[in-house]
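Taking it in order: structure first as structure tokens, then the write-up.
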Amino acid sequence: MIKLAEHKEYTQDQSIQSLPAPSRVYLPLSQHLGKHCLPEVKAGDTVNLGQRIAGIQAHVWAPVHASVSGKVAGIQDWAHPVLSRCKAIVIENDGEDRVVAGLKQRSKEEVRSLSPEQVRAIALEAGIVGMGGATFPAHVKLNPPKPIDTLIINGAECEPYLTSDSRLMVEYHYQLLLGIEAVAACLGVKNVYVGIEENKPDAIKAMRAQLRDNGWHLRVLSSRYPQGGEKQLIKNVLSREVPRGKLPFDVGVVVHNVATVFALYEALYFSKPLYERLVTVTGSLFEHPKNLRVRLGTPIKELIAYCGPLREEPAKIIMGGPMMGIAQYSDDVPVIKSSGGVLLLSGDEARQLSEEPCIRCGACVRECPVGLMPTSIDLCGRAELWQQAKEYGALDCIECGVCSYVCPAGRNLVQSIKRAKLEAVK
Ligand code: SF4
Ligand code: SF4
């Protein structure tokens, strides 16, 4: 693991604020790992906030919900933060926030009496996916195919600049506790760990107080990158090694990110579908960097304007953090379920290397924390050889960005590997 400059100071003390809903949202049909959804509405339809508007029958999938109430303006190709472009359902916001009927509130006792099947059905219905960036549908992860004995809650947030997970733990620790309790009960485990990097003293303090009474454990981890990768976390919290090609459940563990657990809490207690998320809007160019609660489908230019004015024009717009994030060609790109941050870099801050051919230096292979050959997967990805990319272990990639960071040829390795992963599981 490597030590990086953290740059958390811009937003680590910024309380969560809500960004006003935009006049139009652009909700892509692909916001998760797995099959793209199909639209269930058409142009001219009136929709309510939280209404399911797209879905598909598959093992690995999650539905899409309306993040505003209003009229469907159309279904069109639109900028996508990962796929470059993707079909999106465009909704004209009527400003009424008319919530879809039938969203049931549940008491603590009612949630505690839900069966694992019911919890999984609620997670699926709410469209919850891994919000740390992996976007793996939560209902699948709540149903591991092998017996597990330990749940790890990932509060590491090792990506530089990003602080929304940290703020979630500081401001919503009680709700997180209820979410963790429900996830642990669904998985049938008593052994629960929460892993947080040592650079988040406020989150550590808040979570420690909540965990103490439950007999759960807090692990304070060193601030090194990629501490929050599932396999690294399992190794550093439990001293268990997940072999190459295997998944956490192969060593008896399930890992959920704190933001995912919070979304599950909201789904279980309020039947709230995943139509908004926390986003850190950050970087030295902002006069007012913030942690925002944002409706999915909001173009990032709205977030940028809300946190402005800008000190100068950005040289680079990144969706996510500097390591795992993806540089964007347009500020029309919408916030989706995996969007944890919007980072603007100045010319001095951005690495302005143009992409050069691979010089076969081997740096990416040496530094990859899961022992992959990023250069080979990248080449397969660029040639759209998805099956071959899979054979090279693309699905084991934790998207940490270390390979891109160390590449002297400036190759956007992680970006191309991310695409290969998405395509390989279609
Ligand atoms: S291939 Fe690159 S992004 Fe993937 S795990 Fe290895 S270093 Fe990280
Ligand atoms: S680090 Fe870059 S140049 Fe070196 S082998 Fe990997 S892709 Fe090629």
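In each ligand, atom 1 is the first atom listed, and ligand 1 is the first ligand listed. Residue numbers start at 1 and run along the sequence shown. If you're wondering where the values come from, they're calculated on a predicted model, not measured in any experiment.
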Which of the atoms of ligand 1 are close to G401, meaning less than 4.0 Å from one of its heavy atoms? 3 (S), 8 (Fe)
What protein heavy atom sits nearest atom 8 (Fe) of ligand 1, and how far away is it? C400 SG, 2.3 Å
Considering only the protein, which heavy-atom contact is closest to atom 1 (S) of ligand 2, and what is its distance? C364 N, 3.4 Å
Tell me if the CD atom of E287 is crowded by more than 12 foreign heavy atoms within 6.0 Å. yes
Between the CG atom in N191 and the CG atom in L238, the distance rounded to the nearest 0.5 Å is 7.5 Å
Just need the protein heavy atom nearest to atom 2 (Fe) of ligand 2, so name the residue and atom and give the distance. C407 SG, 2.3 Å
For the side chain of H65 and the backbone of E125, is there at least one donor-acceptor N/O pair under 3.5 Å apart? yes
Looking at C358, which atoms of ligand 2 are within less than 4.0 Å of one of its heavy atoms? 3 (S), 5 (S), 7 (S), 8 (Fe)
Full working for side chain to side chain contact (heavy atoms under 4.5 Å, CB included) between M169 and E157: CA-CA 11 Å; M169 290 186 279; E157 202 171 45; 5.9 Å; no
The answer for which part of I417 has a heavy atom under 4.0 Å from ligand 1 is side chain
Per atom 5 (S) of ligand 1, closest listed option by heavy atom (I377, L413, V402, I398): I398
Report the distance from atom CE of M319 to atom NE2 of H80, rounding to the nearest 0.5 Å. 9.0 Å
Short N/O/S contact of C368 with atom 4 (Fe) of ligand 1 (below 2.8 Å): no
Numbering as shown, the atoms of ligand 1 that approach P374 to under 4.0 Å (heavy-atom distance): 1 (S)
Quick check for you: to the nearest 0.5 Å, what is the distance between M207 atom CE and R212 atom CZ? 12.5 Å
For ligand 2, which atoms have a heavy atom of G362 less than 4.0 angstrom away? 4 (Fe), 5 (S)
Which atom of P314 lies closest to which atom of L285, heavy atoms considered: CA-CD1, 3.6 Å
In this structure, are over 12 heavy atoms from other groups packed under 6.0 Å from Y265 atom OH? yes
For atom 4 (Fe) of ligand 1, what's the nearest protein heavy-atom neighbour? Residue, atom name and distance, please. C397 SG, 2.3 Å
Under 4.0 Å from ligand 1, counting heavy atoms only, is it the side chain of E367, its backbone, both or neither? neither
Examine all N, O or S atoms of C361, backbone included, and report whether one is under 2.8 Å from atom 4 (Fe) of ligand 2. yes
As an exercise, state the distance from CZ of R293 to CG of L19, rounded to the nearest 0.5 Å. 11.0 Å
Per-atom filter on ligand 1: closer than 4.0 angstrom to a heavy atom of V370 are 5 (S)
Stepwise, does the side chain to side chain contact (heavy atoms under 4.5 Å, CB included) test hold for T375 with R360? CA-CA 8 Å; T375 179; R360 297 179 181 271; over 6 Å; no
Pull out every atom of ligand 2 sitting under 4.0 Å from any heavy atom of R360, numbered as shown with elements. 5 (S), 8 (Fe)
Out of D378, N412, V406, T375, who gets a non-hydrogen atom closest to atom 7 (S) of ligand 2? T375
Flag the pair F286 / Y10 as yes when their ring centroid distance falls below 6.0 Å, and as no otherwise. no
Could you list the atoms of ligand 2 found under 4.0 angstrom from a heavy atom of I359? 3 (S), 8 (Fe)
Looking at P369, which atoms of ligand 1 are within less than 4.0 Å of one of its heavy atoms? 7 (S)
